[in-house]
2 protein chains.
Amino acid sequence: MTVMGIDLGGTSTRSLLVDTTGRPLGRGQAGGANLRSAVGGVAAAARAVAEAASQAVESADGRRPEMIVVGASGAGAARHDEVAAAMSEALAPICPRIRVENDLATAFRSVSTSPDGYLLLSGTGAVAARFAGGAVAARADGLGWILGDVGSGLWIGWQGLRAAAAHLDGRGPSTVLSERLVRALEVEAVTGDPAQDLVRRVDDLVPARMAALAPLVLDAARADAVSLDEVSAGICREAASGLVTSLRAVTEEGPGAVVLAGGVLAHDTIVRELVTAELDGWPVLTASDPVLGAVRIAREAIS
Amino acid sequence: MTVMGIDLGGTSTRSLLVDTTGRPLGRGQAGGANLRSAVGGVAAAARAVAEAASQAVESADGRRPEMIVVGASGAGAARHDEVAAAMSEALAPICPRIRVENDLATAFRSVSTSPDGYLLLSGTGAVAARFAGGAVAARADGLGWILGDVGSGLWIGWQGLRAAAAHLDGRGPSTVLSERLVRALEVEAVTGDPAQDLVRRVDDLVPARMAALAPLVLDAARADAVSLDEVSAGICREAASGLVTSLRAVTEEGPGAVVLAGGVLAHDTIVRELVTAELDGWPVLTASDPVLGAVRIAREAIS
């Protein structure tokens, strides 16, 4: 018996076919798709998933799975049924039994052997979730950068930009960020006023691009032999505090295992350090490949 | 001898012709124009200014001014020469002597009889400026909502939305804002999750529209017979503190007269109260019609 897990992402779609012991039998990869796209989102996603699934079957000498679990951002609540129907239709030639999960579940189950516990994610966005029986029982934040995503990579990069601007026009304390962010963004000196030059550059920036600046803030906040930037350290403390607040908002009956996910928390950053210190006594796991989460959910479903 | 002042705004352009004693002789009005518009901005602005000027001359039985001062947002530094050339050409048939000022100067001089002092403005945006000899000698903030505009109407409305979202998904303290903003925005219950419903609504909101929500936050922060919303009060304290920080960043040699301008500071709001309390001992003035500032600058220039 075999099962397949598929991770549908914005930049790529990956599939993995395994036997019931978890041994890999075949893999596939296709382009990314965004279920939230107004035009063609779901249809494009279904095509990408079908292609990745076919490749995995082919690379496993034609062995077909008993079940396929597809993990996808934007597959939660509001549009679940529509997405599930489209996936079932696209995957029908390969497998009759399809389940669609949101990407929080596949991140959580990528490493958690238990279907109960917590996920705290900080990537481009930020969200906390409590899982019960494998399903999201409660979530906090994940509201996007305008209203929330406190402590996300985008939020950290953005607060770094605001702190740099405040330094440049004399409202805020000195920070190495002003020089480093201006260099990273290749800000041109045009207006004679460095703060206004930064404004002009940021006007052209897609908001999600601010997340790419987070590593500069995270690095400047880490005490090393040379220096520690107090402004960056303050941003990272506030990020960690916001993430812990989100986690506490979904906490029920005290500590449980927490899966840390996303670039800010799954890597060795100062924010991860601060969050884990705050969660003293909670078992902490680090998220792995979401395809493994999809596979785990599929294996449990058929066992 | 007569002079004319013109205020070029986004929604309308108004002109006022006065004699040397300041007595009104004629007025005009035309459509608004935005100098920052990529297409036709300056040309459309020049047409609007010329129309408003012609009307004022006509309503004064054909009396032409010795000088015209045009105040316009976006007429500062970077594009001043281009804008001044376009205005001079458009107004040449009416008057040979034209000066273009940015809207900070016309707001400041709308009430300040001295050409030296400070302006602290909080409308849709927020900026502090020091004036010396009628010109902007230093400015702080005014960087737009992504990087700054701390304490502006947009900032206040936006922080109100963030606080409402935090309350709705359990991360933040209870606030009357969640109910009042949801009502004001006519948020529809669609997803079963009030925070997500708010996100959907705000996704459709032009950022500048967040400024329209500021009055709800300002009102909820004002202690009255019924109640005081502590979350709103905290936002307003932070707004006032940010505005005072901007003002201090441009302050030289201690206190001076401060002109308070923009909807948040020119009206009787809690933020104005907090700012003036902080500026204890500084003479405080309230900005009047910017057309009067343009007229004052013109009268001084010809005297």
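Every chain is numbered from 1, with letters handed out A, B, ... down the list of sequences.
With a 4.5 angstrom heavy-atom cutoff, B:Asp141 touches chain A via backbone and side-chain atoms both. Heavy-atom distances place the side chain of B:Val202, and not its backbone, under 4.5 Å from chain A. Looking at B:Leu198, both its backbone and its side chain come within 4.5 Å of chain A, counting heavy atoms on both sides.
Here the side chain of A:Arg162 pairs a donor or acceptor atom with the backbone of B:Ile146 at under 3.5 angstrom.
For B:Glu82, the CD atom is densely surrounded, since the number of other residues' heavy atoms within 6.0 Å is greater than 12.
Ranked by heavy-atom pairs under 4.5 Å with chain A, the first of B:Asp203, B:Val199, B:Val250 is B:Val199.
Nearest heavy-atom pair across A:Ala249 and B:Gly170 is CB-O, 3.3 Å.
Atoms CD and CG, on A:Gln196 and B:Leu143 in that order, are 5.5 Å from each other to the nearest 0.5 Å.
Between B:Arg139 and A:Asp169, every side-chain heavy-atom pair lies at or beyond the 4.5 Å cut-off.
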What donor-acceptor contacts under 3.5 angstrom involve side-chain atoms of residues 233-245 of chain A, with partners at least two apart or in another chain?
| residue | atom | partner | partner atom | Å |
| --- | --- | --- | --- | --- |
| A:Arg237 | NH2 | A:Glu230 | OE2 | 2.9 |
| A:Thr245 | OG1 | A:Ser241 | O | 2.8 |

